[in-house]
Amino acid sequence: MANCIRCGRQLPGFSFGKKICQWCVQHEAAQRGEVVENARQPVMRTPWVRHGQSAISLTQIFFGINVAVYLGMVLASGSPFQDFPGMELVQWGANAGALTLSGEWWRLLTCVFIHGGLLHIAFNMWCLWDLGALSESLYGRWTFGALYLICGLGASLASVTWNVHVLSVGASGAIFGLAGALIAAFKLGEFSVPRAALSGTLRSLVVFVGFNLIFGAASGVTDNAAHVGGLITGLILGALIARFAPMQDHAPRRFAIFVAVIVALACGAGALSNHYGLPLRFGRVNYGGATSKVENSPAQTIAKLQNIVKQQPAFVPGHIALAKAYLSQGQFSPAEAELKRALELDPKSIEARLELGTVYLNQNRVQDAKKAFNDVLVQNPNHADAHFGMGLALAAEENHRAAIEEYKIADRLDPDSAGVNYNLGLSYAKLKMYDDAIAAYLKEQQQDGDTEKLETALAEAYQSKGMTQQAEEARSKALALKDHSQDR
């Protein structure tokens, strides 16, 4: 049967040539003042109101899932008002390119129900509550559910395509998809409400999309790729449904549309995975134990990196990562060999030279370490890590005055560098400059938190100055930190 072009109601049979139902004819006549005020208006079922469905809407279910996941993350982390760290998001199912495109495809969907913080989920749930209710009333429960999830997949795939090395979480991409589907449907004349309501709703949707895209671009931290991906997916789905399956009883047609779009997204994901190939698997190794205890095993990490280097002998980041893995296990000789191979492939690799200097320090090859750090400073005189490394090498030679100057330069170039002020304090203490040592230790404590070795160093400096009470307090803190570390 034909539908009314105003409100979407089905027209009676044999309504040849008619395009407007009786309800809309009389409603528009009343607006023009052509119908008496108490005239009867025919009662006809509206297409945008649900009938005979559960009291709990699918919008409320999606809302509840998002909130439940967020509360679970809060309980696990114990920080309700702070944004969650990246590795914690990965553990809960964030969209991380190296993991997603190397086999963990479920992250394209799970990330839609994860949020980075309180403001993030609050804004998204506010939007979902309104747009979800409108979409569900127009499309029906299960079409709405499929739209939401498929748009979420499209948003996640767009995000990982544009920012393969950046974590992505949040429902905003799926919500933008709902907005896109509604815009397409309203623009093409399907699921129409009376025109006055239609124009206002359409205008509000366009303003919502435009404002959020502009705000996202201006903020610099918003994942606009996900927004655009969700929006485009929604526009495509909304247009296809409007043209080929406008009625809710067109279930087989809608199912075919959803399958076709899912297949298209799957093909895009496969092509993207093949495009990144080896570097993507290398990035997966760098996540270490974010996804499982097995992957956190050093032996497993080394084995995977060895396999990558074997497949691609000229892959410099692979050699450097393998050297770091060896170094973390105290295997200095193989670490040195990998770093030298990396420098043969790329003589200008600053990272390889820095790591090589660290290997030499661990082997007490101070002159070799100084040469490695000096080679970096020749390339970049303002490299903070190279000055830090040079300071460590000079301190190993007991040349603490020269080491102090290098530490100071490193601190000036990178005030947030961990360990610089601690080692600066050690050199001051060696020269019996205890006031300066204590100041350096306290600065390290303020920047990077308290540790057992830091409190121990403070206790020794206080004791050397005759500050017995402060020394005892520092020793007590050191003991408490040691016990806490063992409990963990």
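What you are looking at is a predicted structure, and each value in this text was computed from that prediction instead of being measured.
Taking CG of Asp130 as the reference point, atom CE of Met125 lies at 12.0 Å (rounded to 0.5 Å). Of the inter-residue distances, the one linking Leu339 atom CG with Glu344 atom CD reads 11.5 Å to the nearest 0.5 angstrom. Expressed to the nearest 0.5 Å, how far CG of Leu361 lies from CG of Asn364 amounts to 8.5 Å. In this structure, CG in Leu58 is found 11.0 Å from OG in Ser135, a value given to the nearest 0.5 Å. Separating the CG atom in Leu182 from the CG atom in Leu134 is a distance of 5.0 Å, to the nearest 0.5 Å. One distance of note links CG of Leu272 with OG1 of Thr161; it measures 4.5 Å at 0.5 Å rounding.
Using modelled atom types and a 3.5 Å distance limit, the side chains of Gln445 and Glu455 yield a donor-acceptor pair. In this model, a donor atom of one side chain and an acceptor atom of the other lie less than 3.5 Å apart for Glu397 and Gln367. Between the side chains of Gln446 and Tyr441, no donor N or O sits under 3.5 Å from an acceptor N or O.
Contact check on Arg365 versus Glu336 returns a salt bridge, with a Lys/Arg side-chain nitrogen under 4.0 Å from an Asp/Glu carboxylate oxygen.
Nearest heavy atoms, Cys151 versus Gly177: SG-CA, 3.5 Å. Here the closest non-hydrogen pair linking Ala386 and Val376 is CB-CG1, 3.6 Å. When every heavy atom of Asn224 is checked against every heavy atom of Leu213, the shortest pair comes out as ND2-O, 2.9 Å. Taking all atoms of both residues into account, the shortest heavy-atom contact from Val112 to Ser156 is CG2-OG, 4.0 Å. The minimum heavy-atom distance linking Ala461 with Ile438 is given by the pair CB-CG1, 3.6 Å. Nearest approach of Ser168 to Asp223, heavy atoms of both residues: OG-OD2, 2.8 Å.
Formation of a donor-acceptor pair under 3.5 Å by the Asn362 side chain with backbone atoms of Thr358 is found in this model. In this structure, the side chain of Ser57 engages the main chain of Gln60 through a donor-acceptor pair within 3.5 Å. Using modelled atom types, no side-chain atom of His383 and backbone atom of Val378 make a donor-acceptor pair closer than 3.5 Å. Formation of a donor-acceptor pair under 3.5 Å by the Ser464 side chain with backbone atoms of Glu460 is found in this model. At least one donor-acceptor pair under 3.5 Å links the side chain of Arg107 to the backbone N or O of Ala94. Panel note: side chain Tyr407, backbone Gly391; a donor-acceptor pair is recorded below 3.5 Å. A donor-acceptor contact shorter than 3.5 Å is absent between the side chain of Glu406 and the backbone of Gly389. No donor-acceptor distance shorter than 3.5 angstrom exists from the side chain of Asp414 to the backbone of Ala410, with no hydrogens or angles considered.
Between Ile302 and Gln331, the closest side-chain pair of non-hydrogen atoms falls below 4.5 Å. A heavy-atom distance below 4.5 Å is not found between the side chains of Arg475 and Leu479. Side-chain atoms of Thr59 and Tyr148, non-hydrogen and from C-beta on, never get closer than 4.5 Å to each other. Within the 4.5 Å cutoff, side-chain heavy atoms of Leu394 are placed close to those of Lys370. Contact of the Asn124 side chain with the Asn66 side chain is not registered, since no non-hydrogen atoms from C-beta on lie closer than 4.5 Å. Proximity of Leu157 to Leu153: side-chain heavy atoms (C-beta onward) are nowhere separated by under 4.5 Å. The side-chain heavy atoms of Ile241 and Phe258, taken from C-beta on, include a pair separated by under 4.5 Å. Inter-residue side-chain proximity for Glu444 and Leu424 is flagged as unmet; no heavy-atom pair is nearer than 4.5 Å.
In this structure, the ring of Tyr428 has its center no less than 6.0 angstrom from the ring center of Tyr434. Under the 6.0 Å cut-off for aromatic ring centres, Phe176 and His227 qualify, their centroids lying closer than that.
The side chain to side chain donor-acceptor pair (under 3.5 Å) test with Lys324 singles out one residue from Glu351, His319, Glu338, and that residue is Glu351.
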Phe144 and Leu149: CA distance, side-chain angles, deciding distance, side-chain contact (heavy atoms from CB on, under 4.5 Å) verdict
CA-CA 9 Å; Phe144 159 71; Leu149 296 177; over 6 Å; no
Would Thr100 and Glu104 count as a side-chain contact (heavy atoms from CB on, under 4.5 Å) here? Give the steps.
CA-CA 4 Å; Thr100 302; Glu104 297 184 14; 5.6 Å; no
Decide yes or no on side-chain contact (heavy atoms from CB on, under 4.5 Å) for Ser349 and Ile320, but give the supporting numbers first.
CA-CA 10 Å; Ser349 174; Ile320 296 175; 3.7 Å; yes
Lys465/Gln470 under side-chain contact (heavy atoms from CB on, under 4.5 Å): CA gap, chis, key distance, verdict
CA-CA 10 Å; Lys465 278 182 61 65; Gln470 290 89 338; over 6 Å; no
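Annotation for Leu119: atom CG does not count as buried by contact number, only 12 or fewer foreign heavy atoms lying within 6.0 Å.
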